[in-house]
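Taking it in order: structure first as structure tokens, then the write-up.
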2 protein chains.
Amino acid sequence: MSSNGSFGPARAADWSNVRERLRASGLRWTPQRRTLIEVLSRTNGHVTGAELVERCREVDPGTIPSTVYRTLDVMEDLGLLSHSHGADGREEFHVQPVAAHGHLHCTSCGTTWEILADEAAAVVDSMQRSRGFAVDLSHLSIAGQCAGCSAKPAG
Amino acid sequence: MSSNGSFGPARAADWSNVRERLRASGLRWTPQRRTLIEVLSRTNGHVTGAELVERCREVDPGTIPSTVYRTLDVMEDLGLLSHSHGADGREEFHVQPVAAHGHLHCTSCGTTWEILADEAAAVVDSMQRSRGFAVDLSHLSIAGQCAGCSAKPAG
DNA sequence: CGCCATATTGCAACATGTCGCAAGTGCATG
DNA sequence: CATGCACTTGCGACATGTTGCAATATGGCG
Ligand SMILES: [Mn+2]
Ligand SMILES: [Mn+2]
Ligand SMILES: [Zn+2]
Ligand SMILES: [Zn+2]
């Protein structure tokens, strides 16, 4: 997977100048990339890789999965995307993020919540203090049991 | 994936009475399960599913992956195992755990550290307070950049 | 011991990615 | 607008699981 070197707060993605950003890194503007950018630019929130492949196929039926996944890596390196993993380990991409955030996932009922920076401060600060470790909030996914499910006797 | 309903501190696994534990749940003792238990009972620490399949094959070359994965789920339900996911989302099983723990993974250098309960207290307590959410420490895997890699200019 | 209800297995197909390689293409340059 | 080098793509193989189904096996019971 790719890495956003600084894990800074995600700026809202600006898809209008992707071509220039690619060129600035010596990378190329191709029809396959144009297709994915188009799909991403009208996608909000969370989406899996498989869903993106599917949506690209609606635009260009000849879409090849490995090309999509490779382009997603490039977009992530450019800082236009980030991903985390669901409790099953599957990738979830975060598109046009308003703010960097992590996730909380209840294993019993399957519900997922977003954890914003202020709520994650305890985690981030704690690891920074004890280890000098810079937590990548956007990749963070915490599993467990929500209040509702904990209350019920036998999940 | 299976869930250890309570996320309690992991007791050291006792492989001697697995058969009885299975029967107590109406489950069965089969040669395939015996093979996996044998492998698990001499495995310590972290191991991937693929590695376990491989080790089972050394005992019984006829081992089928899906059977191993299904049995791993059963063992997890029995509380004899837990798993988390590497930064790539792949499963890592924790065998014969001395104590429940999470993981810290540096995306730059690839090193992984264990986070014990006291160090994870900030995370666990914070989510419990703000949301009544019971974090499953053994499934927790935090990605980011370690102190050493953060120090270097272009990790 | 033999029966039977159920749990389990083997198998094949599928899901989600990743990787190596040869062929193809973007684009800077002249 | 022709050239050529790197970057990309397509494709097939592989890695790691998951799932549906029909065939089997376990183990409680008579
Ligand atoms: Mn999991
Ligand atoms: Mn990841
Ligand atoms: Zn819940
Ligand atoms: Zn590091």
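No experiment lies behind these values; they were computed from the predicted model shown. So you know, we letter chains A, B, ... as the sequences are listed, proteins then strands, and number each from 1.
For the pair B:L72 CG and D:dT16 P, the computed distance is 14 Å after rounding to whole Å. As rounded to whole Å, 14 Å separates atom C1' of C:dC27 from atom CD of A:E20. Atom CG of B:D77 is separated from atom P of C:dA7 by 14 Å (rounded to the nearest Å). Rounded to whole Å, the distance from OH on A:Y69 to P on C:dA15 is 11 Å. A straight line from CD of B:E92 to P of D:dA15 spans 18 Å, rounded to a whole angstrom. Put simply, CD on B:E76 is 12 Å from P on D:dG17, counting in whole angstrom units. Per the geometry, CG belonging to B:L22 stands 12 Å off C1' belonging to C:dT8, to the nearest Å. When the C1' atom of D:dG17 is taken as reference, atom CD of A:E91 falls 15 Å away, rounded to whole Å.
Residue pairs that meet the salt bridge (Lys or Arg N to Asp or Glu O under 4.0 Å) test with at least one member in residues 95-124 of chain B, sequence neighbours left out, are A:R131-B:E119. Sorted by first and then second residue, the pairs that involve residues 37-54 of chain A and meet salt bridge (Lys or Arg N to Asp or Glu O under 4.0 Å), not counting sequence neighbours, are A:E38-A:R42. Every pair tested for ring-ring contact (aromatic ring centres under 6.0 Å, His included) that includes a residue from residues 50-74 of chain B fails, sequence neighbours excluded, so the list is empty. Legend: salt bridge (Lys or Arg N to Asp or Glu O under 4.0 Å) pairs involving residues 98-107 of chain B, not counting sequence neighbours: none detected. Counting only residues at least two apart or on different chains, the ring-ring contact (aromatic ring centres under 6.0 Å, His included) pairs with a member in residues 36-62 of chain B are B:H46-B:H94, B:H46-B:H101, B:H46-B:H103. Annotation: ring-ring contact (aromatic ring centres under 6.0 Å, His included) contacts involving residues 109-134 of chain A, sequence neighbours excluded, are absent.
Residues from residues 58-66 of chain B that place a heavy atom under 4.0 Å from any atom of DNA chain C, listed by number: B:I64, B:S66. Interface residues of residues 24-43 of chain B facing DNA chain C, ordered by number: B:G26, B:L27, B:R28, B:T30, B:Q32, B:R33; criterion, heavy-atom separation under 4.0 Å.
Placement of B:L78 and B:L81 within a single hydrophobic cluster is found when ILVMFWY residues are connected by side-chain heavy-atom separations under 4.5 Å, directly or transitively.
The minimum heavy-atom distance between B:V95 and B:T43, with the atom names listed, is CG1-O, 3.2 Å.
Take A:T71 and apply the side chain to side chain contact (heavy atoms under 4.5 Å, CB included) test, not counting sequence neighbours, and it matches A:R33, A:L36, A:T67, A:M75. Residues satisfying the salt bridge (Lys or Arg N to Asp or Glu O under 4.0 Å) test with A:R70, not counting sequence neighbours, are none. The side chain to side chain contact (heavy atoms under 4.5 Å, CB included) search around B:N44 returns B:Q96, not counting sequence neighbours.
For A:T67, counting side-chain heavy atoms from C-beta on, the closest listed nucleotide (D:dT9, D:dG27, C:dG17) is D:dT9.
Side-chain to base pairing of B:R70 with D:dG17: no donor and acceptor N or O lie closer than 3.5 Å to each other.
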Restricting to nitrogen or oxygen on both sides, can you table the protein-nucleotides 28-30 of chain D pairs closer than 3.5 Å?
residue	atom	partner	partner atom	Å
D:dG28	OP1	B:R23	NE	3.1
D:dG28	OP1	B:R23	NH2	3.2

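Residues B:R19 and B:G49 both approach DNA chain D. Their nearest nucleotides, taken by heavy-atom distance, put B:G49 toward the 5′ side.
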